[in-house]
Amino acid sequence: MENQYHGHQQAHEHHIVPLRVYLLTFFALIVLTAITVWIATVDLGALNIPLAFVVATIKASLVAFFFMHIKYTRDRLIPLFLLASLIWLVLLLVGTMMDPLTRSTVQFEGPMQDDHPAHVQDPAERATENTH
Amino acid sequence: MSTVHTEEANPYLAHHFEDMEQQNQAHTLGLWAFLTTEVMFFGGLFLAYMYYRWYYLQPFKESVGQLNIFFGGLNTVILICSSLTMALGVHAAQKGNKRALILFLILTLVFAFGFLGVKSIEWTEKWHHNLFPVLKFGLHTDSATGAVHQVFTDPNHSKMFYILYFMMTGLHGIHVIIGIGVIGWMLVLAMKGTFNEHYNVPVELTGLYWHFVDLVWIYLFPILYLIDHPHVAHAAGAVAH
């Protein structure tokens, strides 16, 4: 390139991802979907939810890294933008949920009725109730 | 002035970019910036779900029991297949293979419509079972006696689940419809011979958007359908359906 502005080593984004990578990613995603559904049918108590998230995150990472080319891009701003959005999401979820998770809940038992007293539950009771 | 390189003479090069490479990078980063706004868009709904589930776990569990895991799982597989065909389409565009690109764009559209088809079956079923969060929510009419009774123990809060369910899958469905429009547009351009080894970034950007739509569903499926679904072992609390 003879352009006088083109002296620097700019990342050349002509990397073509091999077909094999796409197909392998596809099969991994299908297998992980089957695993997700299977895990949901097995009663693992408190483990079910974190496990579902872990599997979903693995699937999401596969889509992001291979289908969306994050693994192959040399433009570092792209993973930075993705990371920024995830950090924002964590802040949103943690920042909001830490409020209800750390205080007593007013628990309504059954449909709301005027003469039905509200049951105040302390966090410890709430924590043990939140399982299957 | 710089010597004119064949790339710089590319008719798709906007005047404010040095060369196609810079333009492509800017466009790609621009789409990722858009995707971060999408994370925010859906993130708010995920938060709402987490929040209400925390307070109304039992009503939520009763609601989830009504969902059909088979349809949810089928939609997940459909979207994963569509992501594959989209990626293969991008690959074909990069190789300058026009016929393969057209084929894969068409296949992606087929899967996308399939997803919407399954979704509409699900939603119609819910309408008939009075699971839309409207006045008749949760009311079941006994076919033998004609008596009407409320199937949920806490209908107001079970309704909350369905408000969130329809908003989240609805918003996702709107994104699928928009994706169908964009992919269709790419298909038209591809058939006109617009794309080749040197110019295919619009296909890639379409792919990025479509993979994101798949990504959201990858999280929606376990959260809405799987997490609180009554296990095969115990169906206690699940409403007969």
Side-chain angles (χ1 to χ4, degrees), chain A residues 1-6 10-14 16-17 19 22-23 25-26 29-30 33-34 36-37 39-43 48-49 52-53 55-57 59-60 63-64 66-69 73 75 77-78 81-82 84-86 88-89 92-93 96-97 100-101 105 107-108 110-112 129-130 132, chain B residues 2-3 5 7-8 18-19 21-22 24-25 28-29 32-33 35-40 43-44 46-47 50-51 54-57 69 73 76-77 80-81 83-84 86-88 91 94-95 153-157 204 207-208 211-212 214-215 218-219 221-223 225-227 229 231-234:
Chain A
M1 304 224 184
E2 306 198 39
N3 188 325
Q4 66 184 36
Y5 300 110
H6 217 83
Q10 197 168 35
H12 214 60
E13 284 291 345
H14 272 317
I16 298 184
V17 178
L19 277 180
Y22 287 145
L23 291 172
T25 307
F26 169 74
L29 285 169
I30 298 290
T33 304
T36 307
V37 176
I39 285 180
T41 63
V42 177
D43 194 339
N48 271 105
I49 294 178
F53 268 101
V55 176
T57 304
K59 290 167 72 177
V63 172
F66 296 111
F67 282 161
M68 295 172 95
H69 297 171
T73 182
D75 179 2
L77 282 176
I78 290 176
F81 273 48
L82 177 62
S85 67
L86 295 177
W88 174 88
L89 190 61
L92 176 75
L93 297 178
T96 311
M97 291 309 291
L101 285 172
T105 63
Q107 195 75 358
F108 290 110
M112 293 188 275
E129 195 230 53
N130 198 10
H132 293 101
Chain B
S2 49
T3 20
H5 186 93
E7 244 199 42
E8 270 83 310
E18 275 299 319
D19 51 32
E21 194 169 318
Q22 189 187 54
N24 292 343
Q25 278 195 330
T28 307
L29 188 61
W32 276 101
L35 292 182
T36 62
T37 71
E38 294 276 70
V39 170
M40 294 193 274
F46 277 99
L47 170 69
M50 275 183 79
Y51 191 88
W54 173 253
Y55 279 106
Y56 305 115
L57 182 62
I69 292 187
T76 308
V77 170
I80 291 175
C81 290
S83 263
L84 173 68
M86 186 73 230
L88 293 175
H91 182 100
Q94 288 173 330
K95 285 272 168 80
T153 48
D154 187 355
N156 276 336
H157 297 127
E204 223 177 292
L208 282 179
H211 294 313
F212 182 79
D214 185 19
L215 251 178
I218 282 176
Y219 279 102
F221 172 55
I223 285 172
Y225 290 81
L226 295 182
I227 284 184
H229 203 94
H231 298 137
V232 176
H234 77 94

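Every chain is numbered from 1, with letters handed out A, B, ... down the list of sequences.
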Where on Leu89(A) is there a heavy atom nearer than 4.5 Å to chain B: the side chain, the backbone, both, or neither? side chain
Quick one: do Ser85(A) and Trp32(B) satisfy side-chain contact (heavy atoms from CB on, under 4.5 Å)? Show the steps, please. CA-CA 10 Å; Ser85(A) 67; Trp32(B) 276 101; over 6 Å; no
Atom pair OG1 (Thr96(A)) and CH2 (Trp54(B)), whose distance is rounded to the nearest 0.5 Å: 14.5 Å
Counting heavy-atom pairs closer than 4.5 Å to chain A, which one of Leu29(B), Thr28(B), Asp214(B), Ile69(B) comes out on top? Leu29(B)
Drop me the distance from Met97(A)'s CE to Met50(B)'s CE, to the nearest 0.5 angstrom. 4.5 Å
Any side-chain heavy atom of Pro222(B) within less than 4.5 Å of one from Phe53(A)? no
Close side-chain approach of Tyr219(B) to Lys59(A), heavy-atom, < 4.5 Å: no
Please flag which part of Leu35(B) lies under 4.5 Å from any non-hydrogen atom of chain A: side chain, backbone, both or neither. side chain
Answer key: most heavy-atom pairs under 4.5 Å with chain B among Leu86(A), Val63(A), Val55(A) is Val63(A)
Applying side-chain contact (heavy atoms from CB on, under 4.5 Å), run through Gln25(B) and Leu77(A) and close with a yes or a no. CA-CA 10 Å; Gln25(B) 278 195 330; Leu77(A) 282 176; over 6 Å; no
Pair Leu84(B)-Leu23(A), side-chain contact (heavy atoms from CB on, under 4.5 Å): steps then yes or no: CA-CA 7 Å; Leu84(B) 173 68; Leu23(A) 291 172; 4.2 Å; yes
Indicate yes or no for a side-chain donor-acceptor contact from His91(B) to the backbone of Val17(A) under 3.5 Å, with no hydrogens or angles considered. yes
Heavy-atom distance under 4.5 Å to chain B: side chain of Thr36(A), backbone, both or neither? both
Side-chain heavy atoms of Asn48(A) within contact of Leu226(B), under 4.5 Å: no
Ile80(B), part contacting chain A, at a heavy-atom distance under 4.5 Å: both
Would you mind reporting whether Met86(B) and Phe67(A) have side-chain heavy atoms less than 4.5 Å apart? no
Whatever's closer than 4.5 Å to a heavy atom in chain A on Ser83(B) counts as both
Nearest-0.5 Å distance, CG of residue Leu92(A) to CG of residue Leu47(B): 4.5 Å
Can you tell me how far apart OG1 (Thr37(B)) and CZ (Phe81(A)) are? Round to the nearest 0.5 Å. 11.5 Å
Against chain B, label Thr25(A) side chain, backbone, both or neither, depending on which of its atoms sit under 4.5 Å from a heavy atom there. neither
Might you point out which heavy atoms bring Ala60(A) and Ile218(B) nearest each other, and give the distance in Å? N-CG2, 4.3 Å
With rounding to the nearest 0.5 Å, note down the distance linking CD1 in Ile39(A) to CD1 in Ile227(B). 11.5 Å
Which distance, rounded to the nearest 0.5 Å, do you find between the CZ of Phe212(B) and the CG of Leu82(A)? 9.0 Å
